[in-house]
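Single-structure report; data block below.
Convention: sequence-line order gives letters A, B, ...; per-chain numbering from 1. The basis for the numbers below is simple: all heavy atoms, side chains too, and nothing from hydrogens, waters or symmetry mates.
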Number of protein chains: 2
Amino acid sequence: MHSVGSMTYEAFNRQVMVSLEDICLEIFNDDTSTIKIKNPKIGVKKLVKIIEAALKLSNEKGFHAMSLRELCQESGMSMGGLYAYIESKDDLPRIIHDQGRRILGKVMSENLEDIRDPAQRLEMAIRIHLYLSERMLPWFYFAYMETRFFSTDVKQMSMSNELYTEKIFEKIVEDGCKSGIFAQVEPVFTASIIKAMLQDWYLKHWKYKNRKVSVDDYADFVISWVNGFLIAS
Amino acid sequence: MHSVGSMTYEAFNRQVMVSLEDICLEIFNDDTSTIKIKNPKIGVKKLVKIIEAALKLSNEKGFHAMSLRELCQESGMSMGGLYAYIESKDDLPRIIHDQGRRILGKVMSENLEDIRDPAQRLEMAIRIHLYLSERMLPWFYFAYMETRFFSTDVKQMSMSNELYTEKIFEKIVEDGCKSGIFAQVEPVFTASIIKAMLQDWYLKHWKYKNRKVSVDDYADFVISWVNGFLIAS
DNA sequence: GTCTATACAACGATAGAC
DNA sequence: GTCTATCGTTGTATAGAC
């Protein structure tokens, strides 16, 4: 089912369902203490709007510079209304991080679980991460640029996200080295560099868009570059 | 004089003089309209303190979250005193960017001017950029993380910085490809990836420090990785 | 469940004493 | 050249009407 050969961004969009509504329903059900709304039908819809508006404004001018008055205007509600969904402004990063972490973990593990060959597994991990960051661009950008400002527990959520991703790549490179498929390289360094390339896609998105580089082009290039280094010829 | 063979971080620190005081004197002399202080002896010393404090606080909590009251406390002066050096809070990013841009341009061009061989030139460009970012870590971090929030003209200064660096690498790769020393690769893509690696050094500095990776270790690794891709064997 | 009106703290900036 | 005192604005957060 999950074959790397046929994986393109178009195929990813068909196969991998990332519904913001579903995830917000999960958050809605978990966060009964801070969210004062009872009706899920109403609550989830507004929660989606709040998250989308917060991501948009934060990415434009920074989370700290975004005022809650602006957030209310952007998401079409009043100050009083907003405070039925959050306890303070600092709740927003927590909700946003939570939402992205659930999706990232789910999609990565689902798509990698039945691929054993290190080279194929590496290619799939790179593609899935790139495609997911393309789909959830505002979230990835937010998570990277704003995390350092937040409270300790949100920072830790983000750190564990980072390490989770990095470990996936380290593990694959290590396995490939051991089984002799890859050349003998430093797995930790190599994973760092691969991650830097993946991050460049969503951090410098405007640059690649201007150059008319599609996410598939970029994925192909990263994979050929990585293979050039790992597959000793 | 500028031989890449002997270039290490230790040698860089001995050879390349980057005096914050000298640069601040330049700024002090240029910015006679906003800076109301007449005596350079006093003015330059405080300007250095202001820039250092602003970089420290901005990198800890973000430029927007840093209050000018904190900045005054950190740099040992009063609100009234501070306003003899700046016209508004928005002056700070301009001064900080200006300062770094002068150093970056000077150091890069000085160290590359008499190296012709593309492979040597590429190695030197990578090393100088890494060593400079190690020395001016707070500035590089600030320039990357805060630029998007500022006024159009500061943004443009930063953009031209980015392009300046990227063009250096593009040009070297292109020359190497034409002369047959490098394999036939996409210069634009390749320069992007190299830049992403250089950025990872100052953006994830804590990570490498924890792993006890020195800037020389990192430089060696980046260069071996790049050579593996460029020098067809 | 959502709105308007308001409280209160913190911010950037300035005036005037020294 | 530097300080203290103070201004007006804007921010987060809440209370009470509907």
Side-chain angles (χ1 to χ4, degrees), chain A residues 24-25 28-29 31-50 53-54 57-58 60-96 146 149-151 154, chain B residues 24-25 28-29 31-50 53-54 57-58 60-96 146 149-151 154:
Chain A
C24 280
L25 181 59
F28 185 86
N29 290 329
D31 248 343
T32 43
S33 57
T34 57
I35 299 175
K36 291 168 194 67
I37 311 294
K38 300 291 165 207
N39 187 337
K41 206 104 187 172
I42 299 171
V44 169
K45 207 155 77 182
K46 290 245 161 147
L47 205 55
V48 172
K49 281 206 172 194
I50 292 170
L57 293 172
S58 290
E60 272 170 22
K61 50 167 64 186
F63 177 79
H64 199 273
M66 169 193 78
S67 78
L68 294 186
R69 284 185 178 94
E70 289 175 298
L71 180 61
C72 288
Q73 202 170 20
E74 182 73 32
S75 57
M77 60 199 316
S78 66
M79 286 291 280
L82 177 66
Y83 272 85
Y85 292 85
I86 58 171
E87 262 190 337
S88 78
K89 191 182 176 184
D90 289 337
D91 270 0
L92 285 169
R94 212 203 59 242
I95 295 173
I96 292 172
E146 304 283 354
F149 305 139
F150 301 141
S151 60
V154 177
Chain B
C24 281
L25 181 58
F28 186 86
N29 289 328
D31 248 345
T32 44
S33 55
T34 57
I35 299 175
K36 291 167 194 69
I37 313 293
K38 299 292 165 207
N39 187 339
K41 208 101 185 174
I42 299 171
V44 169
K45 208 157 72 180
K46 291 245 161 147
L47 206 54
V48 172
K49 283 205 170 194
I50 293 169
L57 292 171
S58 291
E60 274 171 20
K61 50 168 64 186
F63 178 79
H64 198 272
M66 168 193 78
S67 78
L68 293 187
R69 285 179 175 86
E70 288 174 297
L71 180 62
C72 289
Q73 202 171 20
E74 182 75 31
S75 58
M77 59 200 314
S78 65
M79 286 290 278
L82 177 65
Y83 272 85
Y85 292 85
I86 58 171
E87 262 190 337
S88 77
K89 191 182 175 184
D90 289 337
D91 269 0
L92 286 168
R94 212 204 58 241
I95 294 173
I96 292 172
E146 303 283 354
F149 306 139
F150 301 140
S151 59
V154 176

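- Residues that satisfy the salt bridge (charged side-chain N to carboxylate O under 4.0 Å, His left out) test with B/E70, not counting sequence neighbours, are B/K61.
- Applying the ring-ring contact (aromatic ring centres under 6.0 Å, His included) test to every pair with at least one member in residues 65-91 of chain B, sequence neighbours left out, gives no pairs at all.
- Partners of A/E87 by salt bridge (charged side-chain N to carboxylate O under 4.0 Å, His left out), not counting sequence neighbours: none found.
- More than 12 non-hydrogen atoms from other residues, nucleotides or ligands lie less than 6.0 angstrom from NZ of A/K89.
- Interface limits on DNA chain C: the 5'-most and 3'-most nucleotides within less than 4.0 Å of chain A heavy atoms are C/dG1 to C/dT4.
- Taking each heavy atom of B/R94 and B/D31 in turn, the nearest pair found is NH2-OD2, 2.7 Å.
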Detail all sub-3.5 Å separations between protein N/O atoms and N/O atoms belonging to nucleotides 9-13 of chain D.
residue: D/dG11; atom: N7; partner: A/R69; partner atom: NH1; Å: 3.1
residue: D/dT12; atom: OP1; partner: A/K89; partner atom: NZ; Å: 3.1
residue: D/dT12; atom: OP2; partner: A/L68; partner atom: N; Å: 2.8
residue: D/dT12; atom: O4; partner: A/R69; partner atom: NH2; Å: 3.0
residue: D/dA13; atom: OP2; partner: A/Y83; partner atom: OH; Å: 2.5
residue: D/dA13; atom: OP2; partner: A/K89; partner atom: N; Å: 2.8
residue: D/dA13; atom: O5'; partner: A/Y83; partner atom: OH; Å: 3.1

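- Residues passing the side-chain contact (heavy atoms from CB on, under 4.5 Å) test with B/Q73: none are found, sequence neighbours excluded.
- Within a 6.0 Å sphere centred on NZ of A/K45, other residues, nucleotides and ligands contribute 12 heavy atoms or fewer.
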